[in-house]
Every structure is written in structure tokens, then in C-alpha cells.
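Index from 1, following the sequence. Atoms considered below: every heavy atom in the structure, side chains included; atoms not considered: hydrogens, waters and symmetry mates. Owing to the predicted nature of the structure, the values given are computational and were not obtained by experimental measurement.
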Amino acid sequence: MTAAQETGHSSRSRNTTALPLAGLRVLDLTRVLAGPWATQLLGDYGADVIKVERPGSGDDTRNWGPPWLSDRNGSQTGESAYFLSANRNKRSITIDLSHPSGQRIVRELVAKSDVLIENFRAGSLARYGLDQESLRSAFPGLIYCSITAYGQHGSRAAEPGYDAMMQASAGLMSITGAPDEEDGVPQKVGVAVSDIMAGMYATTAILAALHAREKTGHGQYIDVPLYDSQVAWLANQGMNYLVSGEVPRRLGTGHPNLVPYQAFETSDGFLMLAVGNNRQFRSCVECLGSAELADAEKFSTNASRVENRRELIAIIADAFRRRSTAEWLQDLRRKRVPAGPINDLGEVFTGPEVAEAQLVRHLPHPLADSVPTIANPVRFSQTPVDYRAAPPLLGEHTRTLLREDLGYTDAAIDELQESGAI
């Protein structure tokens, strides 16, 4: 730890008793995205999240840059945007899990925690005595959540996994990208959605387990595999295959079950059309000056439109090219037809919707005047989400936690640091 890491900077002095998870402590042994995303959500809702990181290097994503946060002088800090995206409302402690004293500290933290969440490879923590069986036998109220690539016991349990692998092997890439007839190839989604959704499943499972503990008094073990999570949220596409036996194909921006529901080129750009019912279709074709299409037998129902997709899309595409995006969107909105521009992220974050909803917040940071963060979209009527602390520096709270939470003296902490345990 450096002097800069021991600033103890935090806005935790704010009153957090009104938060929905106030009083809950989460021990976070995760890194990269799926686990940190889950623990950030729990932190947003008021949980005290203690992030355990490797001494010297920390969470892998601390090094996943550029871009980097700039300090007050405009110089790059080494704090990556990736890490900053998933680690607010947490405190960081550095612990070497392979060191016996480090293992002891983790167990002492577990004794004061309600939830432990980790994403090590299956079986990895057993050699340190930090696996779920060892810890839950000592602390039966503990909720222990593991996020792994393929689960704990399957034939691939020992393998590592990253988001891109899951998007590919669990089917998502096969239905993402332009169709074959447009010379398309499988595409990865531009955000690590497999990781994020596994984190979401983990969060909801932890909350369900906490509710169950209120009734039974017992914690439990939660296993959240990335692969299983990705298969689970194939949603309608997965069911399309199970019901029909037909393998879904790539449709670009198109929808397998709704037509017209895709991007269309205009005279000066593109727009996204999302027609979800017959009323919207009638209003849409009226806007296009082709009202007769709504009564044509081959287009009058969604099922017939899906069956005659190519013919209908060709007609609509030709019409949309005649006017500008702004002109079409004005008319479509007037007719209450769902449609929108295809904005880049600069347009998103400078747009009125983001400003009105306060979707960008700024948190004080020890190395910069502030750091931006993208707001949690959930709005509680009585217990609002709280933005208490910027993502921590590596080991920023190590001494504070050891001294104030676990009762270590400064001399004992110095000894632990010299031994490499922290």
C-alpha cells in the first residue's frame, strides 16, 4: 500500500439507514465484471461492500485501459474506465489469499458478513479453507455465492471463462449480426452482456436467499454459471428453437417474431422502427403513404408479415429512403408508432433524456476533483439508491478495516504488510 492508497477518502459519513440494504455486509472476492456488477448493485442499495483485492495489482480490470481517469492536472491516473464502471460504493482491502494470515483475515471478515460472493475457478478456494463448505460450516447464516464459467460439478467445471466465450458458445453470437444473404458473420454484442446478466442473476439470487434466511435462520450456497445464465436469457429465441425445432438465424437489426421491427435507412441516416401490433402497423404504413398495406391479406397480421418479411421490408425500406430521419420520426411519433434514432454514445450522454433522468452522476475521488458514474436506473419511492463513494483506490481502506472493524493495532498491521499478507 502507498500513502496515496491510505487517504481513507470516502463519503460514507452520509446517513445510509434509509437504504433498502442498510446494515447488510457483503464480502466481495470477485474481479472483472460479473461479480463486481452484482456487488455494485448491492452497494447501490445500501450494503456495505468490502472488496478484497490482490496486493500490488488488484482487480484485473484496473489495468484494462486506456481510457484512464485524469487527475486534477489533466494527467492520467492509472484508474481505468472499465474498473470505474463496476466498483462504486465499495471499500477496498488488499489481502493475499495464499498467505495464512491473509486467510485468517478473510475468515474474520466473514464472521462479520452476511454475504460472500466470489468468482474463482471451481475448487480454487478450497486449498485456502475459504470454500463454501468450510465457511458455511463455521458460519451457517452465511450466504455464499459463486460465479463460475460452467458451474461447480460439470465436465467443464475446472475451465475458466470470459464473456466473449459465453456469447459464442452459448448461442448469442449465432443470432447477432447481419444475415448470411448480406454477407454477415456472427457478432459479439458491444457490451459484455453475458457477464452483466450473470451478475444480475447473482444479485436476485442473493436477495432471494436473504429473504429465505429471514424465515429459516439459515444461509445457503448459490451457484451461478456464466454459461447457464447466457442460455437462460436466450429468452424468445431459445423458445423459438425448442417449440419449432428450427435453428434461429441472424437477422441483423430485425426481430424473429415481429415485422417490421428493424433499422431502416433514411435520406440522411438511419432510424429504428419497432412495430409491435396491428394498430401500430396501420399507423406506420399510413405515415409512409401506403395505407393499403394494412388491409392486404399477406400483411394484415403479424404472422403474415413474418411469413412475407422480405417483400414487406423491401417496400418499407424504399419508402423510408425518401425523407430524413428527423422528418420520419416526427410523423411516426405523432402517430404513436415506436421508433427512434440510432444514437452514438456522444449523442446519448449529451441528450435530453440523460439530463432529465440524471443518468450521469459525479462522485468525489481522491485523485481527481470527481469521477463520473452512470446512475442505477432503479427508482425507489421510499429508499432511493445512494451514490456514497467513488470506486476505491487499490487497498484504500485496508488499514481502516483492519483497525476499526477487526481491532488490529497499527503495529500488527505493519507486521502483516511486511509479511506480504496484505
request  = Could you list the residues that satisfy side chain to side chain contact (heavy atoms under 4.5 Å, CB included) with Arg54, not counting sequence neighbours?
outcome  = Arg31, Ser57, Asp60
query = With a 4.5 Å limit on heavy-atom distance, are the side chains of Val348 and Leu359 in contact?
reply = no
task = Could you tell me which non-hydrogen atom of Pro225 sits nearest to which non-hydrogen atom of Gly151, and how far apart they are?
result = CB-N, 3.5 Å
Closest contact, heavy atoms only, Gln152 versus Ala122 = OE1-CB, 3.7 Å
key: Between CZ on residue Arg107 and CZ on residue Phe139, distance to nearest 0.5 Å   = 8.5 Å
message = Quick check: closest heavy atoms across Leu19 and Gly46, and the distance to 0.1 Å?
response = CD1-CA, 3.4 Å
ask   = Mind checking what makes salt bridge (Lys or Arg N to Asp or Glu O under 4.0 Å) contact with Asp71, not counting sequence neighbours?
value = none
message = If the test is side chain to side chain contact (heavy atoms under 4.5 Å, CB included), which one of Leu27, Ile93, Asp59, Thr39 qualifies with Lys51?
response = Asp59
key: Contacts of type side chain to side chain contact (heavy atoms under 4.5 Å, CB included), residue Asn63, not counting sequence neighbours   = none
message = When you compare the side chain of Ser155 with that of Tyr150, does any pair of heavy atoms fall below 4.5 Å?
response = no
query = Is there side-chain contact between Leu172 and Trp233, with at least one heavy-atom pair below 4.5 Å?
reply = yes
key: Contacts of type side chain to side chain contact (heavy atoms under 4.5 Å, CB included), residue Met272, not counting sequence neighbours   = Thr253, Tyr261, Ala263, Ile342
Pairs involving residues 327-339, ordered by first then second residue, that meet side-chain hydrogen bond (donor to acceptor under 3.5 Å, both in side chains) (sequence neighbours left out) = Glu286-Lys335, Arg323-Asp331, Ser324-Glu327, Asp331-Arg334
ask   = Looking only at heavy atoms, which two atoms of Leu29 and Phe120 are closest? And how far apart?
value = O-CE1, 3.3 Å
inquiry  = Using only atom types and a distance under 3.5 Å, with no angle test, would you say the side chain of Glu265 pairs donor to acceptor with the backbone of Phe270?
reply    = no
key: Tyr241, OH atom: more than 12 neighbouring heavy atoms under 6.0 Å   = no
inquiry  = Under 4.0 Å between a side-chain nitrogen and a carboxylate oxygen: does that hold for Arg91 and Asp405?
reply    = yes
request  = Using the test salt bridge (Lys or Arg N to Asp or Glu O under 4.0 Å), find all partners of Asp44 that sit at least two apart in sequence or belong to another chain.
outcome  = Arg88
key: Asp114/Arg213 under side-chain contact (heavy atoms from CB on, under 4.5 Å): CA gap, chis, key distance, verdict   = CA-CA 10 Å; Asp114 300 279; Arg213 190 178 70 174; 2.9 Å; yes
Close side-chain approach of Tyr162 and Leu226, heavy atoms under 4.5 Å = no
message = Distance alone, cut at 3.5 Å: any donor-acceptor contact between the side chains of Asn257 and Asn240?
response = yes
query = So do Arg399 and Asp414 actually touch side chain to side chain, heavy atoms under 4.5 Å?
reply = yes
inquiry  = I'd like to know whether Gln262 forms a side-chain contact (heavy atoms from CB on, under 4.5 Å) with Leu251, so could you lay out the CA-CA distance, the side-chain angles of the two residues, the decisive distance to 0.1 Å, and finally the verdict.
reply    = CA-CA 9 Å; Gln262 67 181 70; Leu251 294 171; over 6 Å; no
ask   = What ring pair (Phe, Tyr, Trp, His ring centres under 6.0 Å) pairs are there with at least one residue in residues 23-48, not counting sequence neighbours?
value = Tyr45-Phe380
inquiry  = Does this structure show an ion pair linking Lys112 with Glu108, if we count only N-O contacts that are shorter than 4.0 Å?
reply    = no
task = Return each pair, listed once, that meets salt bridge (charged side-chain N to carboxylate O under 4.0 Å, His left out) where at least one residue sits in residues 364-385; pairs must be two or more places apart or across chains.
result = Arg72-Asp369
request  = Keeping to residues at least two apart or across chains, list the side-chain hydrogen bond (donor to acceptor under 3.5 Å, both in side chains) pairs with something in residues 192-210.
outcome  = Ser194-Gln230
message = Return the CG to CD distance between Leu125 and Gln103, rounded to the nearest 0.5 Å.
response = 10.0 Å
ask   = So, Ser85 side chain and Tyr82 main chain: donor-acceptor pair closer than 3.5 Å or not?
value = yes
message = Looking at every heavy atom in both Thr325 and Gly269, which two are closest together, and how far apart are they?
response = OG1-C, 3.9 Å
message = Could you check whether any side-chain heavy atom of Ile95 comes within less than 4.5 Å of a side-chain heavy atom of Leu109, counting everything from C-beta outward?
response = yes
key: Validation row: Glu79, Pro391 side chains within 4.5 angstrom (heavy atoms)   = no
message = Test side-chain contact (heavy atoms from CB on, under 4.5 Å) on Asp163 and Val32; report intermediate values, then the result.
response = CA-CA 10 Å; Asp163 174 89; Val32 187; over 6 Å; no
ask   = Mind checking what makes salt bridge (Lys or Arg N to Asp or Glu O under 4.0 Å) contact with Glu159, not counting sequence neighbours?
value = Arg156
request  = May I ask you to decide if Asn87's main-chain N or O and Gln40's side chain share a donor-acceptor pair within less than 3.5 Å?
outcome  = yes
Just distance, no hydrogens or angles: give the donor-acceptor pairs under 3.5 Å from side chains in residues 178-193, sequence neighbours left out.
| residue | atom | partner | partner atom | Å |
| --- | --- | --- | --- | --- |
| Asp180 | OD1 | Arg250 | NH2 | 2.5 |
| Glu181 | OE2 | Arg249 | NH1 | 3.4 |
| Glu181 | OE2 | Arg310 | NH2 | 3.4 |

query = Do you know the tightest heavy-atom contact between Pro392 and Arg62?
reply = O-NH2, 2.9 Å
request  = Could you tell me whether the side chain of Asn89 and the main chain of Ala389 form a donor-acceptor pair under 3.5 Å?
outcome  = yes
query = Are any of the side-chain heavy atoms of Leu41 and Asn376 separated by less than 4.5 Å?
reply = yes
request  = Enter the distance from Thr148:OG1 to Asp223:CG here, rounded to the nearest 0.5 Å.
outcome  = 5.0 Å
request  = Please round to the nearest 0.5 Å and tell me the distance separating atom CG of Asp48 and atom CG of Leu401.
outcome  = 7.5 Å
ask   = Where the side chain of Thr77 meets the backbone of Leu69, is there a donor-acceptor pair that is under 3.5 Å apart?
value = yes
request  = Apply the test side-chain contact (heavy atoms from CB on, under 4.5 Å) to residues Tyr408 and Arg403: give CA-CA distance (whole Å), side-chain angles for both, the deciding distance (0.1 Å), then the verdict.
outcome  = CA-CA 5 Å; Tyr408 282 74; Arg403 185 173 54 245; 5.6 Å; no
key: Any donor-acceptor pair under 3.5 Å from Thr61 side chain to Trp64 backbone   = no
query = In Å, rounded to the nearest 0.5 Å, how long is the span from CD of Gln132 to OG of Ser146?
reply = 7.0 Å
inquiry  = Whether the side chain of Arg309 engages the backbone of Val259 through a donor-acceptor N/O pair (distance < 3.5 Å, no angle test) should be reported.
reply    = no
ask   = Donor-acceptor pair, Asn73 side chain versus Ser75 backbone, under 3.5 Å?
value = no
message = With a 3.5 Å distance limit and no angle check, can you tell me whether Ser92 reaches the backbone of Gly395 through a side-chain donor-acceptor pair?
response = yes
message = Nearest 0.5 angstrom please: Leu210 CG to Gln220 CD, how far?
response = 9.5 Å
ask   = According to the salt bridge (charged side-chain N to carboxylate O under 4.0 Å, His left out) rule, which pairs have a member within residues 118-145, sequence neighbours left out?
value = none
